[in-house]
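We're numbering straight along the sequence, starting at 1.
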Amino acid sequence: MASLVPCPHCGSRPKEEFTIKGAALARPAPDAEPDSWFHYVYLRENPRGAYEEYWHHTAGCRRWLIVCRDTVTHQVNTSQDAAAKGQAA
């Protein structure tokens, strides 16, 4: 059985329609210290449990989403439009 992702625009769609682009982290300010940018670009946590990631609905509405996925079970819990949250990938 294919895993389904709840797209806020298209409804539940197979995960194969999406491209995962990585962690949905808060971006530092343009004038932030170099250490902040280094951490943002190169260092990542490896949490167990709920984790927000950028997903692109490549074979659907072509919108950027923020998907909350459990890193242990890979179950998708929620998704929302990244633009509605005020973020862009």
Side-chain angles (χ1 to χ4, degrees):
M1 175 184 234
S3 295
L4 297 177
V5 176
C7 176
H9 305 285
C10 305
S12 292
R13 305 300 303 163
K15 70 175 170 55
E16 291 79 17
E17 289 189 6
F18 297 84
T19 304
I20 302 172
K21 294 296 185 175
L25 303 173
R27 186 177 211 147
D31 59 349
E33 295 293 321
D35 285 345
S36 296
W37 279 103
F38 180 84
H39 190 279
Y40 173 75
V41 173
Y42 296 109
L43 303 179
R44 294 287 183 261
E45 300 294 325
N46 191 14
R48 292 178 57 88
Y51 195 63
E52 289 188 335
E53 300 168 313
Y54 285 117
W55 288 35
H56 185 246
H57 196 174
T58 312
C61 61
R62 305 196 50 81
R63 300 291 304 240
W64 284 99
L65 307 176
I66 297 177
V67 173
C68 182
R69 178 181 65 89
D70 188 299
T71 60
V72 177
T73 64
H74 300 290
Q75 178 180 347
V76 172
N77 299 318
T78 62
S79 68
Q80 61 184 313
D81 191 295
K85 191 171 179 179
Q87 298 180 354

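There is no path of hydrophobic side-chain contacts, each under 4.5 Å, that joins Tyr54 to Ile20. A chain of hydrophobic side-chain contacts below 4.5 Å, direct or via other Ile, Leu, Val, Met, Phe, Trp or Tyr residues, connects Tyr40 to Phe38.
For His56 (side chain) and Arg62 (main-chain N/O), a donor-acceptor pair under 3.5 Å exists by modelled atom type. No donor-acceptor pair closer than 3.5 Å links the side chain of Trp37 to the backbone N or O of Arg27. Ser12 places no side-chain N or O within donor-acceptor distance of the main-chain N or O of Val5, the cut-off being under 3.5 Å.
Residues forming a salt bridge (charged side-chain N to carboxylate O under 4.0 Å, His left out) with Arg63 (at least two apart in sequence, or on another chain): Asp81.
In terms of heavy-atom proximity, Asp70 sits nearest to Val72 at OD1-N, 2.7 Å. For the pair Pro28 and Ser36, the tightest heavy-atom approach, listed with the atom from each and the gap, is CG-O, 3.9 Å. In terms of heavy atoms, Pro14 sits closest to Leu4 at N-CD2, 3.8 Å. Considering every non-hydrogen atom in both Glu52 and Gln80, the closest pair reads OE2-NE2, 4.3 Å.
If you take CD on Glu53 and CG on Leu25, they are separated by 10.0 Å, rounding to the nearest 0.5 Å. The distance from the CG atom of Leu65 to the OG1 atom of Thr78 is 10.5 Å, given to the nearest 0.5 Å.
Trp55 places none of its side-chain heavy atoms less than 4.5 Å from the side chain of Thr19.
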**OP:** Tell me, with the steps shown, if His57 and His9 meet side chain to side chain contact (heavy atoms under 4.5 Å, CB included).
**Re:** CA-CA 10 Å; His57 196 174; His9 305 285; over 6 Å; no
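Screening Ser79, Cys7, Ser3 for a side-chain contact (heavy atoms from CB on, under 4.5 Å) with Phe18, the sole residue that qualifies is Cys7.
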